[in-house]
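Working notes, structure below.
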Number of protein chains: 2
Amino acid sequence: MRYTQYTRFIKEVIVDKGGGKSSASGRSSAPELATRDERKLRTRSSLLDAALTLMQQGRSFTSLGLREITREAGVVPTSFYRHFRDMDELGLALVDDGGATLRQLLREARKESAPVSDIIRRSVTIYKEFLLERHMHFMFIAGERSGGSPVIRSAIRNQVNLFVLEMSQDLRRFNFLPHLSTATLQMLCGLVVNTMLNAASDILDMPPDEPKLEQELLDNFVKQLRLIFLGAISWKEPVAKPAA
Amino acid sequence: MRYTQYTRFIKEVIVDKGGGKSSASGRSSAPELATRDERKLRTRSSLLDAALTLMQQGRSFTSLGLREITREAGVVPTSFYRHFRDMDELGLALVDDGGATLRQLLREARKESAPVSDIIRRSVTIYKEFLLERHMHFMFIAGERSGGSPVIRSAIRNQVNLFVLEMSQDLRRFNFLPHLSTATLQMLCGLVVNTMLNAASDILDMPPDEPKLEQELLDNFVKQLRLIFLGAISWKEPVAKPAA
DNA sequence: AATGTTTGTCAACAACTGTTCACTGAAACT
DNA sequence: AGTTTCAGTGAACAGTTGTTGACAAACATT
């Protein structure tokens with residue numbers, strides 16, 4: 001029993017750290033496998049990676065099979081059940097990882113506190129870097145957001161809503177558009193996030209190494225954001241009932 | 001040979017009409033099956049309907065199987081090949097139907113020519129009616145837009161881009177935002193269409209018969225459009241190079 | 001050192017998949 | 001009339017799927 005608790009502890013710690021550089025750098029650079037839980041987590045994440053890899057090859061998550069994933073991960077099909085009850089549970093794990101990526105994006109953007117000039121262009125730069133580095137997470141989120149199984153779809157929606165909420169709170173904190181009501185601010189952020197994810201789909205779907213087209217898509221993205229914030233600036237709240 | 005040509009002709013005529021009221025109303029109200037080509041088209045569209053029905057039950061198109069569809073359609077699996085080479089081809093047919101729906105939406109919106117007051121609210125009303133009436137097409141387009149197989153995904157993207165283009169031309173024709181360059185107008189329409197499809201996903205994913213929530217989503221949608229057009233109104237084209 | 005726990009493996013299963021081929025009967029053509 | 005065309009059928013195939021249970025070896029616990 002105590003062992004089980006310990007396992008859970010390790011799991012949470014390592015999983016939550018979410019991807020600090022290379023997985024086992026620090027103590028021993030030897031490729032030897034240390035504790036049992038570490039190895040379990042290793043195959044677990046190799047299952048997750050296998051799913052993402054297959055998706056990168058054009059498949060959608062919902063169409064992936066259990067055996068297909070274990071094959072790609074290099075383990076026997078039955079091993080799957082040591083980590084996930086079924087494909088849905090693996091999908092939910094991917095949603096969590098994607099959510100963590102989103103939150104980290106927000107944290108990164110928060111560092112660029114000073115709302116000086118060209119805040120949009122800079123945010124987009126951060127976003128672009130994130131997009132390329134973690135492209136598989138974004139592909140999964142943007143792709144299954146309104147396509148996959150109902151369970152996963154609603155889980156993604158939750159994560160995205162959470163992201164929207166957090167973003168709107170950040171804008172409030174930085175006094176970014178003080179004349180907007182909270183509801184309007186959230187509506188704004190929802191619009192921005194949707195635009196962001198749509199852009200992600202577009203950009204990640206490109207044939208690779210086409211910098212011209214990529215720049216075009218990015219410019220269009222920036223232009224859309226500019227227009228949105230322009231609208232936000234000149235927004236007037238309805239006068240019926242001022243926020244209490 | 002001549003028979004084959006005739007078949008093609010009938011196909012195009014009936015398929016292109018895209019859904020005028022009930023399929024065979026007008027001459028004989030008897031439910032008897034007339035010509036051979038008509039019956040072929042009937043099972044063809046019952047295959048398409050079967051796919052849509054299964055999707056309505058929460059499945060994504062990419063995860064559907066050939067046998068599953070023929071089962072739902074009430075024909076034997078081998079019949080499938082009389083109509084489509086494989087699932088991708090059926091998917092493309094669905095994309096075409098969806099595109100036709102989009103074009104019809106545009107045609108409907110065009111009737112409301114007068115750009116008087118509250119044009120957004122009225123357009124949204126038209127959209128909502130369309131959305132409910134043809135919900136399966138929208139579900140398919142919005143769902144597989146960035147999820148399904150690469151072939152279908154790019155086909156959808158083409159249709160959506162076409163829709164965006166046509167919409168921007170309409171706005172030009174009605175002199176709607178004359179101070180915008182063509183490129184900006186297209187960017188605007190792209191933004192609107194993305195917002196539209198995202199709203200479609202949200203609305204169609206709701207638990208049925210929740211008018212309160214539905215109204216909330218619709219209001220949010222209208223609010224987003226308002227903000228977008230507000231931004232479009234106060235948009236200033238960069239002064240570097242005025243459109244030649 | 002002895003005992004319990006657990007990750008991964010192996011073999012096997014019933015069910016289902018996409019696809020093939022030859023065939024039927026009715027509609028369409030000559 | 002006789003002949004051709006063709007949508008839909010039925011049986012069969014090799015391959016794949018998700019899932020089960022028993023087992024081995026490495027590890028953790030006492």
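Heavy atoms only: backbone and side chains are in, while hydrogens, waters and symmetry mates are out. In what follows, chains are A, B, ... by sequence order, proteins preceding strands, each numbered from 1.
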Side-chain contact check for R36(B): nearest option of dT19(D), dT5(D), dA26(D) is dT5(D)

When rounded to whole Å, the CE to P distance for the pair M87(A) and dG18(D) reads 8 Å

Sorted by chain and residue number, the salt bridge (charged side-chain N to carboxylate O under 4.0 Å, His left out) partners of E72(B) (sequence neighbours excluded) come out as none

Contacts of D205(A) meeting salt bridge (charged side-chain N to carboxylate O under 4.0 Å, His left out) (sequence neighbours excluded), chain-then-number -> R153(B), R157(B)

- Check ion pair D170(B)-R173(B) (N to O, under 4.0 angstrom): yes

query = Is T35(B) near enough to dA27(C) that one of its side-chain N or O atoms lies under 4.0 angstrom from OP1 or OP2?
reply = no

In whole angstroms, the gap separating C1' of dC6(D) from OH of Y81(B) amounts to 18 Å

Taken to the nearest whole Å, CG/L41(A) to C1'/dT7(C) is 12 Å

Rounding to 0.5 Å, atoms CG (N194(A)) and CD (Q224(A)) come to a distance of 11.5 Å

In this structure, CG of L52(B) is separated from CG of L94(B) (nearest 0.5 Å) by 5.0 Å

If you look at every strand shown and take non-hydrogen atoms under 4.0 Å, does F80(A) touch a base, only sugar-phosphate, or nothing? nothing

Output for pair (M87(A) CE, F80(A) CZ), nearest 0.5 Å, gives 5.5 Å

When you compare the protein's N or O atoms with those of nucleotides 8-11 of chain C, which come within less than 3.5 Å of each other, and at what distance?
from, atom 1, to, atom 2, distance (Å)
dG8(C), OP1, T43(A), OG1, 2.7
dG8(C), OP2, T43(A), OG1, 3.4
dG8(C), OP2, H83(A), NE2, 2.6
dG8(C), N7, R82(A), NE, 2.8
dG8(C), N7, R82(A), NH2, 3.3
dG8(C), O6, R82(A), NH2, 2.3
dT9(C), OP2, V76(A), N, 3.1
dT9(C), OP2, S79(A), OG, 3.4
dC10(C), N4, T78(A), OG1, 3.1

Between CG of D37(A) and C1' of dC27(D) the distance, given in whole Å, is 10 Å

In whole angstroms, the gap separating P of dT19(D) from CD of E89(A) amounts to 12 Å

So, with a heavy-atom separation below 4.0 Å from DNA chain D, the residues of residues 54-71 of chain A are G65(A), L66(A), R67(A), R71(A)

Residue set satisfying salt bridge (charged side-chain N to carboxylate O under 4.0 Å, His left out) with E166(B), at least two apart, ordered chain then number -> R110(B)

_Exercise: do E216(A) and N220(A) side chains pair donor with acceptor under 3.5 Å_ = no

From CG of L90(A) across to C1' of dT19(D) the rounded distance in Å is 17 Å

Atom CD of E38(B) and atom C1' of dA7(D) are separated, to the nearest Å, by 15 Å

Terminal axes of the helix from dA14(C)-dT17(D) to dT30(C)-dA1(D) (5 end pairs apiece), angle rounded to 10 degrees, sit apart by 10°

